[in-house]
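Report on the structure given below.
Fair warning: this is a prediction, and the values are worked out from it, not measured in the lab. Per chain, numbering begins at 1; letters A, B, ... match sequence-line order. Every heavy atom of this structure was used, including side-chain atoms; hydrogens, water molecules and symmetry mates were not.
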Amino acid sequence: MTDSSKPDTGIGHDKFTSQRLRRRHRAERRFRLYGVMAVALSLCCLTALFSSVFSKAYTIFGQTEIALDIQFDQAVIDPSGKRQRKALIGADYGALIKAGLGASFPQVSGRRDKRALRQLVSSGAVYELQELVLQDPNLVDRHKRVWLAAADDVDMYRKGLIAGGAQGNGRISAKQAAWLDDLARRGQLERHFNWRFFTSGDSREPEQAGILGAAVGSLLTLLICLALAFPLGVMSAVYLEEFAPRNRWTDLIEVNINNLAAVPSIVFGLLGLSVLLGTLALPRSAPLVGGIVLALMTLPTVIIAARAALQAVPPSIREAALGVGASTQQVVWHHVLPLAMPGILTGTIIGMARALGETAPLLMIGMVAFIVDIPTGPTDPATVLPVQIFLWADAPERAFAERAAAAIIVLLAFLITMNLGAVLLRRRFEQRW
Amino acid sequence: MSLNALNMRTDTDPMATANIAAKIRAVGVDVHYHDKQALFQVDLTIPANTVTALIGPSGCGKSTFLRCLNRMNDIIDGCRISGALTLDGRDLYAPDIDVVALRARVGMVFQKPNPFPKSIYENVAFGPHIHGLADDRAALDHIVETSLRRAGLFDEVSDRLHDTATSLSGGQQQRLCIARAIAVEPEVILMDEPCSALDPIATAKVEELIDELRQRYTIVIVTHSMQQAARVSQRTAFFHLGEVVEDGETAQIFTDPRDERTQAYITGRIG
């Protein structure tokens, strides 16, 4: 920065010079202003994006729950009384919920009204009761007040995101609205922290759907992608930069690597479909296949970044090491690679971030399937965060829009964690020369 | 080929080549970078335990010649070398020569101080470590200390051996590079303008050091400073346009040059 704030220092001794000097300072101020404007504009866009996502997503942290006094009736759950796991799993918990609702609203009669009443509680609530009983079989034949997830329409209605009663579009009838008010008055309707969203896999019922399955799928896929792309990419770059002769073959390889970096990602998906699933018969929808496909896609990025980082290592360091009789491998291993590591890591993280957000190639290999279970290994069927966002954004229920927005935040959190890790690693490796 | 070359080239100083025990001998060396020829039929004999200065104007090929002596030119694309270069009578470019072992015998100090961005200790220890010169930590400590002492740096850095080397001053860095070179016990040390990036005080220290190192090592130094060549060297070779114009005793070159181009250069008329 020049001392633009100071007046003419007297070095320019005639008026032409001082005029030129003023013009130069003006130009410089203008130039700086453009820079500030560019930064401000991009910050505005970013703020708009984030505030839009966050304003849609923050309601996810609360989930409306309904407290019911459940009589864990032995006759319903386990008539034989042997507490066999199979019997406990297969029991009709829906009947318990109906009984609980009936106890809270004894005045409701009639098939249609009873059905409307039943619709207030999530249809997935039976699994919550099942889970309770499986964890503690002693509950059978006892009485307990249990908080169960409300149906997604109830949740949306209580959060004010959809209208109910007379003004509504029929998703919450006037009767249901009155029952809900009644429950709220009696302290049987509260909003609690939405642990379901962070601990479960996907579901047809929005209130039961969670992000964990997709997050674990993304994590497994990325780990496989990293484990393949990083060593392959770095070794290729080291060979091309430090060992390979410069000739037509290496030129050809270089051009092809650059081309590969620009290939649309869906092409890699097709490759995975035909070769990995078709020829090699690897499991469909598996993070293993997803990771391999994304590694192929990320590899050129890693190679290009690693080569640039290797080139940036000053030749004097190489000469110094060669000069004391180090072999090329020792030069690379002891000196060049550690110095290039920050740059390589930056490139790898950029590649991984792109892989994390990638949807198209994964659609091709079946990771778009509706998968409820949380994957436990790289060959289990799984989906990933961006695909999950795509699926939820496509779903008709209003509650899924909230979940899609929340999933975007989880994806961003994933990304920020990765970048933070990269910054920390980079700081460890960084050295001055 | 070398025999023929020896017979043909009788115009260079016959005294010099006849009387001295040669450590390095170059006969008819040509160097090409792609199509451009950088050295033309260079004949030069470098005796053991002396300081030989290579002087000449920029681009005359003295650095190129220096880098032939430990085959640092190998890493430059399109560099071709022909002619005979021997170290203790062994052809440096013979196919069975191991470049790594050669560079351990012929160390090098570069124009710009280029310490590794690691600690002072690691800088000196790297060479002995990769060549397996030290069996244990104590032996390595010993090598590091003696090398730093010989480079006249130990007293200045003994309390911060594990600080990063880039925090040293330019002159200290250059002496560290010399310590790094002598840590692998080479026989020859090549110095490519080692003082061009240093201030006069640091230069004086390095020159003093070079004079001491002569007892144990053969030193070849490229320099742009004729005063430096006169101060530190016993023999001088004058390069001009890729040829060795004249070589001989330093005193003779500077007081009684035989070639008028040498005369012109040392009096500052060409260069």
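- Minimum interatomic distance between B:Pro117 and A:Leu339 (heavy atoms only, all atoms of both residues): CG-CD2, 3.4 Å.
- The side chain to side chain contact (heavy atoms under 4.5 Å, CB included) check on B:Asp135 picks up nothing, with sequence neighbours excluded.
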Item to check | Verdict with supporting geometry, B:Met72 and A:Leu322, side-chain contact (heavy atoms from CB on, under 4.5 Å) | outcome: CA-CA 8 Å; B:Met72 281 302 265; A:Leu322 287 172; 4.0 Å; yes

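- Proximity to chain A is absent for every atom of B:Leu190, based on heavy atoms less than 4.5 angstrom apart.
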Item to check | Verdict with supporting geometry, B:Arg67 and A:Glu319, salt bridge (charged side-chain N to carboxylate O under 4.0 Å, His left out) | outcome: CA-CA 11 Å; B:Arg67 293 168 66 94; A:Glu319 285 189 332; 2.9 Å; yes

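- The closest donor-acceptor contact from the side chain of B:Asn114 to the backbone of A:Ser316 lies under 3.5 Å.
- Within the 4.5 angstrom heavy-atom criterion, only backbone atoms of B:Val106 (N, CA, C, O) approach chain A.
- For B:His129, the NE2 atom is loosely surrounded, since the number of other residues' heavy atoms within 6.0 Å does not exceed 12.
- Taking both residues in full, the closest heavy atoms of A:Ala320 and B:Arg180 are given as CB-NH2, 3.3 Å, listed atom of the first, atom of the second, then distance.
- B:Phe116 and A:His335 have parallel rings, their planes meeting at less than 30° on a 0 to 90° scale where 60° marks the start of perpendicular.
- The environment of NE2 in B:His162 is crowded: more than 12 heavy-atom neighbours from other residues, nucleotides or ligands sit within 6.0 Å.
- The structure places NE2 of A:His334 at 7.0 Å from CD1 of B:Ile130, a figure rounded to the nearest 0.5 Å.
- Surrounding CZ of A:Arg24 are at most 12 heavy atoms belonging to other residues, nucleotides or ligands under 6.0 Å away.
- By the 6.0 Å contact criterion, CG on B:Asp96 is enclosed, its count of non-hydrogen atoms from other residues, nucleotides or ligands being greater than 12.
- What you find for B:Val100 and A:Ser327 is that their closest heavy atoms are CG2-CA, 3.7 Å.
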Name every donor-acceptor pair, under 3.5 Å, that has one atom in a side chain of residues 341-354 of chain A and the other anywhere in the protein, sequence neighbours excluded.
from     : atom 1 : to       : atom 2 : distance (Å)
A:Thr346 : OG1    : A:Pro342 : O      : 2.8
A:Thr346 : OG1    : A:Arg426 : NH1    : 2.8
A:Thr348 : OG1    : A:Ile344 : O      : 2.7

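- Atom CZ of A:Phe31 has 12 or fewer neighbouring heavy atoms from other residues, nucleotides or ligands inside a 6.0 Å radius.
- Contact detail for B:Asp77 and A:Arg246: the closest heavy-atom pair is OD2-CG, 3.2 Å.
- Taking a 6.0 Å sphere around CD of A:Gln311, one finds it holds more than 12 heavy atoms contributed by other residues, nucleotides or ligands.
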